[in-house]
2 protein chains.
Amino acid sequence: MATSGPGTRPTTIYSVAQLAGVSIATVSRVLQGTGATSPQIRAQVLQAVEDLEYVPRRSARSLAVQRHDAQGLVVHDLTGPYYSELLMGYESAAAKFGQSVIIVVTGQREDPEWAVRELASRVDGLVLANSTLPDDEARALGRRTPVVMLARTAVPGCDSVSAENAQSARELTEHLIAHGRRRLFFVGDPEGSPDVQERYRGFTEALSSSDASEVGPAIRVDFREHSGAEVAAQVMGHVNGPDALVCANDELALSTMKALQRGGVKVPDDIAIVGWDDVMTARYVSPGLTTVRQPLFELGRLAATRLHERIAGAPVAPEPRILPTELVLRSSCGCPETDDRDVPWVTS
Amino acid sequence: MATSGPGTRPTTIYSVAQLAGVSIATVSRVLQGTGATSPQIRAQVLQAVEDLEYVPRRSARSLAVQRHDAQGLVVHDLTGPYYSELLMGYESAAAKFGQSVIIVVTGQREDPEWAVRELASRVDGLVLANSTLPDDEARALGRRTPVVMLARTAVPGCDSVSAENAQSARELTEHLIAHGRRRLFFVGDPEGSPDVQERYRGFTEALSSSDASEVGPAIRVDFREHSGAEVAAQVMGHVNGPDALVCANDELALSTMKALQRGGVKVPDDIAIVGWDDVMTARYVSPGLTTVRQPLFELGRLAATRLHERIAGAPVAPEPRILPTELVLRSSCGCPETDDRDVPWVTS
DNA sequence: TGCAGGCTTGTAAGCGCTTACATAGACGGA
DNA sequence: TCCGTCTATGTAAGCGCTTACAAGCCTGCA
């Protein structure tokens, strides 16, 4: 029974109070459940609320209680499977705390810093993913509002959650060496993101602590799919090229693999290829792509949870929280064809 | 030079006014650019704003101007590549209008309707994707605030944007018939979403206007990857099984294809398979998956734009806005191996 | 010199909600 | 019967911002 049509004044706490024959304070108390109220009055108020389809204005409440019940999530882009799952985890945790999430994608913004400041004024705290804001800006923000860093180098005064990178890179590299590979190259630009930087670090560490080969410079390309052709061309041009490629992510690994295969290179016989993220395609291509699975949903959830705690008054955690990752061995590294555990097309 | 530390009172328009030696009205006018201000005063104010790192409280402004400069986006889940791109398009358009976007994922909510009502109280309008709220609830919402329906059957009083489905389904089906296929089955549950319902309609229309075969019932399974094995088992059980499968989306098509291949069925020789969405995997598998590409980014952008117009006062569009889709022919339908236009691993 | 009229700035009244405090009954014990 | 106490409700003061309106100042013209 909405009495509010176009032109009618919107229903406020005053309309409800009037209809229920009580004061606005009483309405507020009934709705908040704060303060004692007689069952009689409560019923009247709730009835009026229902009749008018009353929903309190968020902005008025925020102004009064100095709280938004909302968290901000700032990411650079949303492409790839990476973010949808992260976002799911984030949103689901935030929902449990009764928090809304406002999302800002800085990638295409003309003025990211302004966007984030603006965001900060409508939330109780924010999560900053990598490649969104420079560290000093982040730190400044962290002084005024709770901030959690996501998959990015720790900043003093801010919490930090991320997935483990260097260790898995080391394992992956050692695994390739165990397969007899000796000329390993890293593909992707370590400057591009802290994640990749860590992966590159793990890669070089594993390499230099073995007698496999000298550590060559990384093949610096953009992380996106279109770089594959470029990498393949570069690799096939070598006289004594690599026999293994550690790629910064799966998109890069997959497109490189395809381009090499089209060029007549055999994977993994001639060149082994591995990546990061375990995207859906990784288990559909042939050979299956060996990669590293990140707990993305969990990462999102953790970020939301930590931010919520901070908003509730918890102190900044002294240590960054780092989630373990998991090697997924398929056959692009030289392992025998997968036995199909955990692939969805097999009934178990 | 943030003078605000923990414990200090937060900076408000009053602090700025005081520091600049003017009234709060003047500060507001300078910041809004409304009303004439002398260059002298303006400079003082801006200086103070900078010194204090002042950002106006959003809630106070919203309360005063009765506007949030925010849009709500309600989706059922975020899995798959579908939503990340849609979201990118949405966010980028909204950003251009100076709008924030607050996102609610109803999938795991205990009370979606409450969540959406709550959302409605902190935004100027909302976009409702399919499978989020029942129609009557949506319509009720549409009476009180601008609402745009996304990829969902039109609701009177609400705008509606979606991608074309029936037509492409018809084309896809006719294409398979032209390949000589005669026993075509649809895979996926038409009840599951309006999109799929439309696709099924196109499928049956094409079939009944040809002399290919009778229209069999759809193989009703969940849209997710794990259904592939089930479909394959069902299909291989037939004595005179299908020679073509039109799957409701790519995930289903891909997992079914894999499962069939593992069962010794040749694609496309024994059975042709097609899907919808053109996910990344579709161009990496062998044979390449014939599918339908939807303009997701554009769809997101359109939804944001339409909502913005509605918020600005435009009337509800009488007709739903339907974006065209595009057939992507690869070889799972029986076409010869793709010539690799538009695949990223080929330098052009 | 006086005053109309155009600028610039200040004053103050909201916007809708929460909440500290005041107030009015109801009840029980002295 | 009176008063202290407790409970249920109302009153009113904000929260930080915008904006209609008032007020002051300066310019230029009669």
Side-chain angles (χ1 to χ4, degrees), chain A residues 4 8-46 48-49 52-70 117-118 120-124 144-145, chain B residues 4 8-46 48-49 52-70 117-118 120-124 144-145:
Chain A
S4 68
T8 320
R9 286 193 62 69
T11 92
T12 68
I13 199 172
Y14 292 96
S15 357
V16 176
Q18 188 171 22
L19 181 58
V22 299
S23 76
I24 58 165
T26 301
V27 175
S28 180
R29 277 188 289 253
V30 169
L31 259 29
Q32 303 302 315
T34 62
T37 46
S38 70
Q40 149 84 326
I41 289 281
R42 196 175 321 138
Q44 283 175 40
V45 168
L46 292 176
V49 164
L52 297 170
E53 293 187 343
Y54 170 68
V55 181
R57 298 278 187 295
R58 210 52 224 208
S59 47
R61 169 161 231 274
S62 296
L63 183 55
V65 301
Q66 302 281 69
R67 187 162 35 81
H68 296 90
D69 292 321
R117 278 170 172 237
E118 211 285 331
S121 82
R122 46 168 93 225
V123 295
D124 300 316
R144 292 187 286 143
T145 185
Chain B
S4 68
T8 321
R9 286 192 63 67
T11 91
T12 68
I13 198 171
Y14 292 95
S15 357
V16 176
Q18 187 170 24
L19 181 58
V22 300
S23 77
I24 59 166
T26 301
V27 175
S28 179
R29 276 188 290 253
V30 168
L31 259 30
Q32 303 301 315
T34 63
T37 46
S38 70
Q40 151 83 326
I41 290 282
R42 195 175 322 140
Q44 283 175 41
V45 169
L46 292 177
V49 165
L52 297 170
E53 293 187 343
Y54 170 67
V55 180
R57 298 280 186 293
R58 212 49 227 211
S59 47
R61 168 161 232 275
S62 295
L63 183 56
V65 303
Q66 301 281 72
R67 187 163 32 82
H68 302 273
D69 292 321
R117 276 169 175 240
E118 213 284 332
S121 82
R122 48 167 91 224
V123 296
D124 300 316
R144 292 188 285 144
T145 185

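Sequence lines set the chain letters: A, B, ... in the order given, protein chains first and strands last, and positions in each chain run from 1.
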Novice: Looking at residues at least two apart in the chain, or sitting in another chain, which of them share a side-chain hydrogen bond (donor to acceptor under 3.5 Å, both in side chains) with A/Asp124?
Specialist: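 A/Asp124 satisfies side-chain hydrogen bond (donor to acceptor under 3.5 Å, both in side chains) with A/His68 only.
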Novice: Can you pull every protein N or O that's under 3.5 Å from an N or O on nucleotides 5-7 of chain D?
Specialist:
none

Novice: Please report how far the helix from C/dT1-D/dA30 to C/dA30-D/dT1 bends, comparing the axis fitted to its first five pairs with the axis fitted to its last five, to the nearest 10 degrees.
Specialist: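 One end axis against the other gives 70°.
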Novice: For A/Thr26, what residues pass the side-chain hydrogen bond (donor to acceptor under 3.5 Å, both in side chains) criterion, not counting sequence neighbours?
Specialist: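 By the side-chain hydrogen bond (donor to acceptor under 3.5 Å, both in side chains) rule, A/Thr26 matches A/Ser23.
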Novice: Roughly, in whole Å, what's the span from CZ in B/Arg61 to P in D/dC17?
Specialist: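 To the nearest whole Å, that distance equals 11 Å.
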Novice: Under 3.5 Å, which donor-acceptor pairs do the side chains of residues 33-40 of chain A form with other protein atoms, sequence neighbours left out?
Specialist:
| from | atom 1 | to | atom 2 | distance (Å) |
| --- | --- | --- | --- | --- |
| A/Thr37 | OG1 | A/Arg42 | NE | 3.1 |
| A/Thr37 | OG1 | A/Arg42 | NH2 | 3.4 |
| A/Ser38 | OG | A/Ile41 | N | 3.3 |

Novice: Mind checking side chain to side chain contact (heavy atoms under 4.5 Å, CB included) for B/Ile24 and listing every partner two or more places apart, or none if nothing turns up?
Specialist: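 Partners of B/Ile24 under the side chain to side chain contact (heavy atoms under 4.5 Å, CB included) test: B/Ile13, B/Tyr14, B/Ala17.
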Novice: Please list, chain by chain and in numerical order, all residues satisfying side-chain hydrogen bond (donor to acceptor under 3.5 Å, both in side chains) with A/Gln18, sequence neighbours excluded.
Specialist: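 Testing A/Gln18 for side-chain hydrogen bond (donor to acceptor under 3.5 Å, both in side chains), a comparison that skips the adjacent residues, returns none.
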Novice: Considering just the side-chain nitrogens and oxygens of A/Ser38, establish if one lies under 4.0 Å of OP1 or OP2 belonging to D/dT9.
Specialist: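 Indeed, a polar side-chain atom of A/Ser38 lies that close.
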Novice: Closer to the 5' end of DNA chain C via nearest nucleotide, is it B/Ser23 or B/Ala60?
Specialist: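 Closest to the 5' end, via its nearest nucleotide, is B/Ser23.
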Novice: With sequence neighbours excluded, what pairs up with A/Arg57 under the side-chain hydrogen bond (donor to acceptor under 3.5 Å, both in side chains) test?
Specialist: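 A/Arg57 satisfies side-chain hydrogen bond (donor to acceptor under 3.5 Å, both in side chains) with no other residue.
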Novice: So, is B/Tyr14 close to the D/dG14 phosphate, meaning a side-chain N or O under 4.0 Å from OP1 or OP2?
Specialist: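 So the side chain of B/Tyr14 is outside the cut-off, no N or O lying under 4.0 Å from OP1 or OP2 of D/dG14.
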Novice: Under the side chain to side chain contact (heavy atoms under 4.5 Å, CB included) rule, collect the residues that match up with A/Ala48, sequence neighbours excluded.
Specialist: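 In terms of side chain to side chain contact (heavy atoms under 4.5 Å, CB included), with neighbours along the sequence ignored, A/Ala48 is linked to A/Val16, A/Leu19, A/Ala20.
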Novice: In residues 24-34 of chain B, what residues come within less than 4.0 Å of DNA chain D, judged by heavy atoms?
Specialist: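 Under 4.0 Å from DNA chain D: B/Ile24, B/Ala25, B/Ser28, B/Arg29, B/Gln32.
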